[in-house]
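Quick note: numbers below take in every heavy atom, side chains included, and nothing from hydrogens, waters or symmetry partners.
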Amino acid sequence: MDALIHTKLAPPTWMGNQIRRDLLLARLDAALERRLTLIQAPAGYGKTSLLSQWKDQLDPAAVRVAWLTLERDDSDLRRLTRYIVRALEGGGPDDAPSEEAGRLAAALPPRAAVSAIVNRLAQESRRVVLILDDFHRAESPEVDAFVRTLIQLAPEHCHFIIASRDYPWLGQSILAAAEQLVELTADDLKFEMHEAEALLARFHGEGLSSVDVRSIVERTEGWAIALQLASLSLKRGADHHRLVEEFHGPSSDLARYLSEQVLMTMPAETQEIVLRTALLDRLTGDLVNLLCDRHDGWMILERLEEQGVFLTPLSAERQAYRYHQLVAEHLRDRLARRDAAQFRALHRRAAQWFAERGETPEAVSHAIQADDDAMLATILEDAGGWRLIPLGHQAMVERGLSKLPAPLIAARPRLALARVYLEIKRGEMAAARADYDRFVTEAETAGLSADQWTEIRVVGDVLADYENEPVTLDDLLARESLLRTLPANDHLVLANISETLGAKYFEGGWLERALEPTIAAREHYLAMGSLYSDVFTRFLEARIRQAQARMKDASGILAATREQIEANFGSRSDLAANCAAFEAELLYEQDQLPAALALLDWAVPHMELSDGWTDVYAAGYCTAARAEAAEGTLEAARAMIARARRLAGRRRLRQLDLRAALCELDLLIQYGDDPAEVRQAAADLDLDALADRNEDDSTVHRPVVTAGRLCRARLALIDGEHAAALADLEKLKRWAAQHGAGRLLVDANILLAFSHRASGEPARARACFDDAVGTAMFQNIARPFIDQRRFAEPLLNETLGGTAQLDRFRAQFLKGIARSLAARPVSGPAPGLLSDAEAEILEHLGFGYSNKEIARLIGMSPDTVKYRLKSVFRKIGVHKRRDAVRVLRERGLISGGAGQSAA
């Protein structure tokens, strides 16, 4: 019975053919310079495999490595000392133990055993490394004391490596202070992407893309055993697509591993604690007490962490913990199958606890798991119902309502309003309007309070705002009056009404009036701590500043907002797409077309799939169309307009449809070569009816009226009807001056300058042109002069060629405009004709450089390079880089590229 098991004196034989972990092996080399190296992680993180690899790469002539895999019986010090000495001797199964080992077998006292082992170590001329693997199995106070003493007294050339699931106490603090400690944890042992790719590719996993591997790594959190089981699934012939799709829960192999290696090794009491607490995504001592009917929850958590039960602290202060997600899912499934009633009761208890503390997302999640509709409805209603959505909890509300029966939702006003709000956010305007009107009709006989009716009014205003139906000035003044009657501390209602008021003032052209409620809405959102809602007030403020021709202010607001969005919501979130659309519009105004198109390439498709409103859709679609047309692809521009109008039809956005149609008409006026088509487009729009709306007409927004009058004025000037054009333009100029609409003044003054010049009034023409330049030059508003080239160019040439002295800023601005016009033929670029920038990019392309390499060489962003290339591809009718290089070389537009491939 006392015979030694010699296989414990070497790594397991099945450790071969493992993925090499070079970075970790390099870190382990530090073990040769430190007294103690501690590798502590739960089961399945590859501790033994890593140590086996490291042992194999050491030179036996320089380093003597003694390996011992511990078991529960090794908590007997007599047995442990025999094994340690045998490991240090390096004896095989047939070798007789030394005299020293025999003395240790005679049950020497611990201190004498330590002395004997230290003396044995002192005889070794090489470095000595003693590896104690699976230390947690034999750990006891006596073993800890023995090993701690051995570490302290061993000679300088001796080093100890302990691998354990639990966290042993072996005098680490003293060793750390003396810089004699190396520690590796589960976080260090997690597989990196390249390691996971190598592991999964070993068994016909070449079909896995980087995205697939990243998905599996994120799901497993780099847990080695889970990745190994995925690899084995591939070895057994599993389809890699199915593997990725189904890798959202523990497989049978993983479940078996968890049961055998984790659960079954715990005492029954610990098993029950782990099963219950695994129901929570975030675990504290108070929650342990709640679910386990205890009073020592924090001590329990400390003990579980030390025992390596896949429990990770969420901060250095250890104020909360979480289980590994795959472990948690296995444990939850186990409890639900073992006792469904207890499973639901524990979730119900947790839901109530979180609800009482205002932690609504957690309360909702547990109420759903408890399968308690009444509790779920109460939690959502008490937390605010619809109010949760503008606070950024749309997904949570959507998930909660999807679990509730329709009659229960309809019976609770805030939940009924939440359903309407969700339909608004999903772009389902018809359903939202129908449900809202039905709810209002039923509420009229329900005896609701004044506060409840205020909430109904707020959601109705949000619906009207998304529907983008115009309102009168009297309606807006009535909303201002309503604001003064509301409780000062109801920040959400005040913010919603103020934001809607600012948006409607902006749409009506009352720019200064729009600013005050917009800023007030922001203050209320900030008081609530709602960064999500505050972002929309910043969008609105930027739009107001843009309309005032304060482009630098608008750019600064959007740049700061983009940084906030990327930091808090992600660089490809819905908010990021909206911000990109507005930033692209400003870039277009500055004549930075490729940069604008680069933003819109991902932003427009993203917005089509998410919620939005007329202003952001108009900015995205119309800017993309204008930039495409300016780059010489009118058909691509018209295709973009068609997309805008289809979306407007689906989402019942009449104002967007009108603005898109007017944008198309404007582009036909600028770039079209068929006057009959232009006239037909104007007739289809009923342009005269749109342009003749007066300020009191509330059926269309001011931007529609303004765009209509500008289009009609341009057509009149082309036809030589200067008096008719002047009538529209003078009216626009007066209105813009009264409302501070500086951006509109630029357009109006350019057209007025042309009209006065054609009418034989050169002084008035120069005055109007100077006004346009004066407004535009310090804000770098270049595109109006380029887009209205036929009207601006005569005055531009006269100003630059005249005898009058120009100030430096004005001259610099006008010369920049002139250079832009000179680079663009009047009829637009002919197919295949390259600009200087395009030619430079294509020369590098001909030498086989990637987009990123080209961007670095010429000082552009990769997105800008990408869009210039796409523009060229459209012009020459190709889709691939290789074909583009071939065609351009055949036409002599780029050099031969020294025989290099552009593949």
Check: Judged by atom type as modelled, is there a donor-acceptor pair below 3.5 Å linking the side chain of Gln394 to the main-chain atoms of Leu422?
Finding: no
* **From CA spacing to verdict: salt bridge (Lys or Arg N to Asp or Glu O under 4.0 Å), Asp553, Arg543** => CA-CA 10 Å; Asp553 289 347; Arg543 300 289 289 160; over 6 Å; no
Heavy atoms of Ala432 and Glu423 approach each other most closely as CA-OE1, 3.2 Å
With Asp435 as partner, the option from Leu417, Leu463, Val420 fulfilling side-chain contact (heavy atoms from CB on, under 4.5 Å) is Val420
With a 4.5 Å heavy-atom cut-off, do Trp613 and Val616 have their side chains touching? yes
_Keeping Asn568 on the side-chain end and Gln564 on the backbone end, is there a donor-acceptor pair under 3.5 Å?_
yes
In this structure, CZ of Arg538 is separated from CG of Leu575 (nearest 0.5 Å) by 12.5 Å
Quick one, Met551 and Asn780 - any side-chain contact, counting heavy atoms below 4.5 Å?
no
Open item on the list: Can you tell whether the side chains of Glu608 and Arg650 come within less than 4.0 Å, N to carboxylate O?
Closed with: no
Value for CE (Met528) from CG (Leu494), rounded to nearest 0.5 Å, stands at 10.0 Å
Q) Quick one: do Arg743 and Glu589 make a salt bridge, cutoff under 4.0 Å? A) yes
Between the CG atom in Leu287 and the CG atom in Leu301, the distance rounded to the nearest 0.5 Å is 9.0 Å
One should read off an interatomic distance between Leu283 CG and Tyr321 OH, to the nearest 0.5 angstrom, of 9.5 Å
- Task: For Ser573 and Gly570, indicate whether the former's side chain and the latter's backbone hold a donor-acceptor pair under 3.5 Å.
- Result: yes
Nearest heavy-atom contact between Ala624 and Leu597 is O-CD2, 4.0 Å
When every non-hydrogen atom of Met607 is compared with those of Ala581, the smallest separation belongs to CE-CB, 3.9 Å
Margin query: Tell me whether Arg426 is salt-bridged to Glu398, with the criterion being a basic N under 4.0 Å from an acidic carboxylate O.
Written below: yes
Using a strict cut-off of less than 4.0 Å between a Lys/Arg side-chain nitrogen and an Asp/Glu carboxylate oxygen, indicate whether Arg357 and Glu359 qualify as a salt bridge.
no
| message | Suppose we call two aromatic rings close when their centres sit under 6.0 Å apart. Are His491 and Tyr525 close by that rule? | response | no
| field | Note: Glu362-Arg282 ion pair, threshold 4.0 Å (strictly below) | value | no
Is NZ or CZ of Arg659 both nearer than 6.0 Å to the six-membered ring centre of Tyr621 and within 45° of the ring axis? no
- Message: Do the side chains of Lys504 and Glu507 get close enough for a salt bridge, i.e. N-O under 4.0 angstrom?
- Response: yes
Here the pair of heavy atoms bringing Gly385 nearest to Leu415 is CA-CD2, 4.3 Å
4.5 Å side-chain heavy-atom contact, Leu587 and Gln590 | yes
(Q) Taking the side chain as everything from C-beta on, heavy atoms only, tell me whether Leu380 gets closer than 4.5 Å to Leu388. (A) yes
Exactly one candidate in Glu455, His524, Arg387 meets side-chain contact (heavy atoms from CB on, under 4.5 Å) with Leu492; the answer is Arg387
Legend entry - Chi angles and distances behind the side chain to side chain contact (heavy atoms under 4.5 Å, CB included) call for Gln546, Phe582: CA-CA 10 Å; Gln546 180 181 355; Phe582 292 134; 5.8 Å; no
Quick one: does any side-chain atom of Gln655 pair with a main-chain N or O of His701 as donor and acceptor, under 3.5 Å? yes
For this session: Could you walk me through whether Asp382 and Arg414 pass the side chain to side chain contact (heavy atoms under 4.5 Å, CB included) test, one step at a time?
Result: CA-CA 9 Å; Asp382 291 348; Arg414 282 183 168 176; over 6 Å; no
(message) Between Glu541 and Arg545 (salt bridge meaning N to carboxylate O under 4.0 Å), is one present in this structure?
(response) yes
Close side-chain approach of Thr284 and Gln319, heavy atoms under 4.5 Å:
no
Nearest heavy-atom approach of Ala584 to Leu600 is CB-CG, 3.6 Å
**Prompt:** So do the side chains of Thr518 and Phe506 get within less than 4.5 Å of each other, counting heavy atoms only?
**Reply:** no
Kindly say whether Gly620 contributes a backbone atom to a donor-acceptor pair with the side chain of Thr623 at under 3.5 angstrom? no
Verify side chain to side chain contact (heavy atoms under 4.5 Å, CB included) between Ile409 and Leu401, making sure each step is shown before the conclusion.
CA-CA 8 Å; Ile409 295 173; Leu401 291 190; 4.2 Å; yes
Nearest heavy-atom approach of Leu511 to Ala547 is CD1-CB, 3.8 Å
To the nearest 0.5 Å, atom CD1 of Ile565 lies from atom CZ of Arg562 at 9.0 Å
Q) Going by an N to O cut-off under 4.0 Å, is there a salt bridge joining Arg651 and Asp657? A) no
- Specify whether Phe539 and Phe536 have parallel, tilted or perpendicular ring planes, treating 30° as the upper limit for parallel and 60° as the lower limit for perpendicular. perpendicular
Worksheet item: Do the ring planes of Trp386 and Tyr421 sit parallel (below 30°), tilted (30 to 60°) or perpendicular (above 60°)?
Response: parallel
Q. Can you find a side-chain donor-acceptor pair between Glu566 and Ser571 that sits under 3.5 Å?
A. no
query: Does a donor on one side chain and an acceptor on the other come within less than 3.5 Å for Arg522 and Thr537?
result: yes
| task | Report yes if some heavy atom in the side chain of Leu280 is under 4.5 Å from a heavy atom in the side chain of His366; otherwise report no. | result | yes
Output for pair (Arg27 CZ, Asp188 CG), nearest 0.5 Å, gives 4.0 Å
For the residue pair Asn496 and Asp461, establish whether any side-chain heavy-atom pair is separated by less than 4.5 Å.
no
**OP:** Go through Arg399 and Ser365 one step at a time and tell me if the side chain to side chain contact (heavy atoms under 4.5 Å, CB included) criterion holds.
**Re:** CA-CA 9 Å; Arg399 183 179 173 220; Ser365 180; 3.6 Å; yes
Salt bridge (Lys or Arg N to Asp or Glu O under 4.0 Å), that's the test. Do Glu585 and Arg783 meet it? Break it down for me. CA-CA 11 Å; Glu585 191 173 31; Arg783 281 310 302 189; over 6 Å; no
